[in-house]
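One structure is given below, encoded as C-alpha cells.
One-based numbering, in listed order, for ligands and for the atoms of each.
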Amino acid sequence: MSASTPNPTPLRSGPARALKGEIRVPGDKSISHRALMLGALCVGETRITGLLEGEDVLATAAAVRAMGAEAEKLPDIEPDGAGKPAGGRWRVVGCGVGGLAEPENVIDMGNAGTGVRLMMGVVAGHDMTVTFTGDASLCRRPMGRVTGPLKRMGAKFTGRDGDLLPMTVRGAAEPLPIEYELPVASAQVKSAVLLAGLNAPGVTTVVEPQPTRDHTENMLRHFGAEVLVRETEDGGRRVSLVGRPELVARDVVVPADISSAAFPIVAALIVPGSEVTLKDVGLNPLRAGLLTTLAEMGAEIETINAREEAGEPVADLKVSASKLKGVTVPPERAPSMIDEYPILAVAAAVADGETRMDGLEELRVKESDRLSAVATGLAACGVTVEEGEDYLVVAGSGGAAPKGGGTVTVDLDHRIAMAFLVLGMACETPVTIDDGDAMATSFPGFADLMNGLGADIRPG
Ligand code: S3P
C-alpha cells in the first residue's frame, strides 16, 4: 500500500522552455547528517556552512539536540559576489565521544533512513536507551542490516516485527570493538558501525565488498580521529577506526549535493536548447557514478573551477542539452550512483537506443521500491520498460518527446517525485505526481528553482 504526506500537494510538470541559468542546489544530505552527528560528538563548537535544511537533516539536528548537544541555525548572511547562498550556517556544540545524554522522548526521524541508521550507531555506543520512529516509508525499511553488527558490539534492540521501526535501542555501556564484513555495499551500515566504534576501546574495522561513499571516514579524520583505509585484494576496502579519540570541533563546508544536482543536470540535458550551470557540486568519486554514465551516453557536461573544500572535491558543472545514446551500466557502478537510477532512467527514456542497468537489488529497499516505481511511472508515460528482480531496461525514444500524461504515485519518495517532474519537462503532455511534499526531505524549493530556469511545474 502506498503512503503520502498529511496534506499531499499534487504537481504537474509540462513541456519546458529551454532551461537557462546558474543555480546552486542545496547542501549534500549525507555530509549534512554526518556534520551534525560528529559535531555533537566533538568537544567545542563546530560551524557548518551550506548545511542542507531539508526535513531529513532537520530531524537529525533535533535528535542530537534531544541528546544534549547544541545545534542551531545562525542568522542568514547576504550572498557574496560569487553567488554563494545565504543561509545554511549552523553552530553545533558537542558533548564529546560517549557524552550524549538519554533523551526524554521518542525520537521521530521522519523519512530519514541515513539519519536513523547512523543515529542508531551513535546510540549503540552510549549507555542509554532511545526509541526511534519515523514516517510510513521509514517504518517499512529494514533495520536488521545495522542492528546485526551493533548487537555484536553490545547494543540491544527491540523493534516492531523484529527489525522495523518503531525500535528501542539499549546502547552498550562498554561497547566492544569488532571487525565486520558488510554483506551489502552500504555506507549507512559502515557508518553506523564506525560511529558506535568511536566509543569502543581498541580498533573497529569494517570490510566492504565494494567501496561506498566515504564521507564518514573523511569527516572523522577532519575532526582528528585516526582512520586507516586499505584496499582489499578483491577490490573492496578495509576501514579501521581507532576508538575513543578526542574529536576536536572544526568548521565544515558542505558542498552542493550531487544527488540533488542530478535532477537539474538531466533536465538540462533532455530539454532542447538548455544550458545550465550548477555551482559548488560535490564530486567525491564514490558519489559521481552518474556523471561517468552520462558521459558514456554522450552528455555535454563541462567541469569548471575544480577544487577541494573540507576534504571533498568540488566543482561547477556547465550542462548543455545533448543528444544521448543508450548504454549498459555495470553493476559495480551501483554504489557510486545508487540514488541516481530513477533520474538516469528518465535520461534513458529520451536516449537513442536501449539502456540497461544491472545490480539494482538495493533500489527495492530505498524510500520506496524504486525499481517498481520507476518502471510503473515510465510505462504510465508511454515509455517501454522492462523491470527485472534486480535490473531495468529502458527503451529510449531517440530524442523524440515521450507521450507523458501519466500520474505517478510518489509513495513518500522524494527522488521519485523529482525524477518524474523532470520527465514531464521533455514530454508531449504534462506528467502529474500525486504528492510533491516529499521533496522537502532533500530538496526544498525544487519546483521554484526549476521554474526559475524555464520549467513549468504547477499545482496539479
Ligand atoms: C547514504 C547511503 C546510501 C544512499 C543514501 C545515503 C549515506 O544508502 O542510498 O541515500 O549517506 O550513507 P545505503 O547505505 O543503504 O546504500
Report summary line: By salt bridge (Lys or Arg N to Asp or Glu O under 4.0 Å), E340 pairs with (sequence neighbours left out) none
**Report entry** Non-neighbouring partners of A438 that pass side-chain contact (heavy atoms from CB on, under 4.5 Å), sequence neighbours left out
**Finding:** V410
Query - Where ligand 1 meets A187 - atom numbers and elements under 4.0 angstrom, heavy-atom basis - result: 12 (O), 14 (O)
Report summary line: Of K366, R117, R34, Q188, the residue with the heavy atom nearest atom 16 (O) of ligand 1 is K366
**Report entry** Donor on one side chain, acceptor on other, T232 and R238, under 3.5 Å
**Finding:** no
**Report entry** Enumerated ligand 1 atoms positioned under 4.0 Å from heavy atoms of T114
**Finding:** 1 (C), 5 (C), 6 (C), 7 (C), 11 (O)
Report task. Considering the heavy atoms of S30, write down every atom of ligand 1 situated less than 4.0 Å from one of them. Result -> 6 (C), 7 (C), 11 (O)
Query raised in the report: Do the side-chain N and O atoms of R145 and S186 include a donor-acceptor pair separated by under 3.5 angstrom?
Result: no
Requested in this report: Mind checking whether R213 contacts ligand 1 via backbone (N, CA, C, O), side chain (CB onward), both or neither, at a 4.0 Å heavy-atom cut-off?
Outcome: side chain
Requested in this report: Output yes when the distance from some N or O of ligand 1 to some N or O of D339 is under 3.5 Å, and no in every other case.
Outcome: yes
Query raised in the report: Just checking, any donor-acceptor pair under 3.5 angstrom between side chains of S368 and D413?
Result: yes
Report task. Report the nearest protein non-hydrogen atom to atom 14 (O) of ligand 1: residue, atom name, distance rounded to 0.1 Å. Result -> S186 OG, 2.7 Å
Query raised in the report: Any side-chain donor paired with an acceptor under 3.5 Å for D437 and T5?
Result: yes
